[in-house]
Amino acid sequence: MTKPDETPEAKQSRLLVRLSILQLIPAVVGIFIATLALYAALNESDAVRKQQQASVWPHMQVDLTNITTNDTTGITINVSNRGIGPARVRAANIQLNGEQMVSWQGLFEQLQPEASGFFPRNDSRVGHTVLVPGSSVEVVKVSTEFFDLYDIAALEGISTPEETASLVLSLREAFRDDSLELELCYCSVFDDCWRVSSANRDPQPIETCAAYIRENRF
């Protein structure tokens, strides 16, 4: 109903307000629908990203194998990828009582300082390598069987079978009480990174492997 004293200008102003309100309602509804669509798209994108990460998830594991027979005493350290994606190993480190080791021989001399000399072994570098799913690397093997397989006992500067057997026992004990730790830092193809070790076999997610990269022969 029009007020008797309402001017034409007031009538026009009131009509414009009503039209503005009517036009605002679809705009608000449109914004609400667009917000819901954006939220759904972001959730779907996050789900796809997580699915992609899970499809290339690597899982590195450190395994120790002890060899004991009437004639042989030995130990083997292996690392393997039990995941479903490739593992890019960025760093491999050995620590003894918290001290960083730089070589296997240096570690062995710490454990057996009175030994005659070089300890025979098989070893492979695992740092800065890529392990596909299901693959493994024998990081190091120390065993008295080398003296039976090869004619090394008479070589100068080589430890004796007894010293090698003693070293194997020291390695077993050090790994058992976690005073000796083999540590790996590795990443997926999407640069998601983890740290795992012989002392903590459950991989821990980390931002980057930069803090774990050392100059060593592992």
Side-chain angles (χ1 to χ4, degrees), residues 56-65 74-83 85-133 135-143 146 152 155-159 163-164 166-218:
V56 294
W57 175 67
H59 182 95
M60 293 295 291
Q61 187 171 299
V62 181
D63 297 310
L64 274 67
T65 302
I75 185 172
T76 302
I77 304 171
N78 293 283
V79 298
S80 56
N81 181 3
R82 302 299 186 187
R88 299 184 297 164
V89 183
R90 299 301 196 190
N93 299 307
I94 287 281
Q95 294 182 5
L96 178 63
N97 296 319
E99 179 184 354
Q100 179 68 39
M101 300 287 103
V102 297
S103 68
W104 289 113
Q105 185 62 25
L107 167 65
F108 299 161
E109 290 173 356
Q110 287 279 346
L111 293 172
Q112 295 291 312
E114 304 300 323
S116 304
F118 185 82
F119 288 95
R121 67 178 185 272
N122 286 339
D123 65 79
S124 301
R125 293 198 65 168
V126 66
H128 304 287
T129 60
V130 176
L131 272 72
V132 299
S135 65
S136 63
V137 173
E138 183 180 272
V139 182
V140 70
K141 177 180 180 180
V142 181
S143 176
F146 293 137
I152 59 175
L155 295 178
E156 185 177 353
I158 298 293
S159 65
E163 290 170 339
T164 301
S166 181
L167 172 64
V168 170
L169 297 178
S170 296
L171 285 168
R172 291 178 184 175
E173 181 63 28
F175 273 114
R176 188 178 300 115
D177 63 17
D178 293 334
S179 59
L180 179 59
E181 182 179 19
L182 170 59
E183 169 191 73
L184 300 175
C185 189
Y186 65 97
C187 304
S188 72
V189 295
F190 289 129
D191 286 327
D192 297 311
C193 301
W194 296 265
R195 175 192 177 275
V196 70
S197 74
S198 55
N200 186 354
R201 293 169 57 86
D202 184 22
Q204 303 298 311
I206 58 175
E207 289 294 326
T208 175
C209 288
Y212 299 94
I213 297 175
R214 305 282 189 273
E215 288 296 331
N216 58 42
R217 301 174 189 172
F218 307 117

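Keep in mind the model is a prediction, meaning the values are calculated, not measured.
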Using modelled atom types only, decide if a donor and an acceptor are shared between the side chain of [X] and the backbone of [Y] within a distance under 3.5 Å.
X: E138; Y: N122; answer: no
X: N216; Y: A92; answer: yes
X: S80; Y: R82; answer: no
X: R121; Y: K141; answer: no

Nearest heavy-atom pair of [X] and [Y]: which atoms, and what distance?
X: P58; Y: N81; result: CA-OD1, 3.8 Å
X: A174; Y: D177; result: O-OD1, 2.8 Å
X: P86; Y: V130; result: CB-CG1, 4.2 Å
X: M60; Y: P203; result: O-CG, 4.2 Å

Worksheet item: Where do Q95 and N93 land on the side-chain hydrogen bond (donor to acceptor under 3.5 Å, both in side chains) test, with the steps shown first?
Response: CA-CA 7 Å; Q95 294 182 5; N93 299 307; over 6 Å; no

From the list R214, R195, R201, salt bridge (charged side-chain N to carboxylate O under 4.0 Å, His left out) partner of E183 resolves to R195

d(W57 CH2, D192 CG) to nearest 0.5 Å is 12.0 Å

* Asked: According to the interplanar angle, ranging from 0 to 90°, do the rings of F119 and F108 count as parallel (below 30°), tilted (30 to 60°) or perpendicular (above 60°)?
  -> perpendicular

* Asked: Any chance the SGs on C193 and C187 are under 2.5 Å from each other?
  -> yes

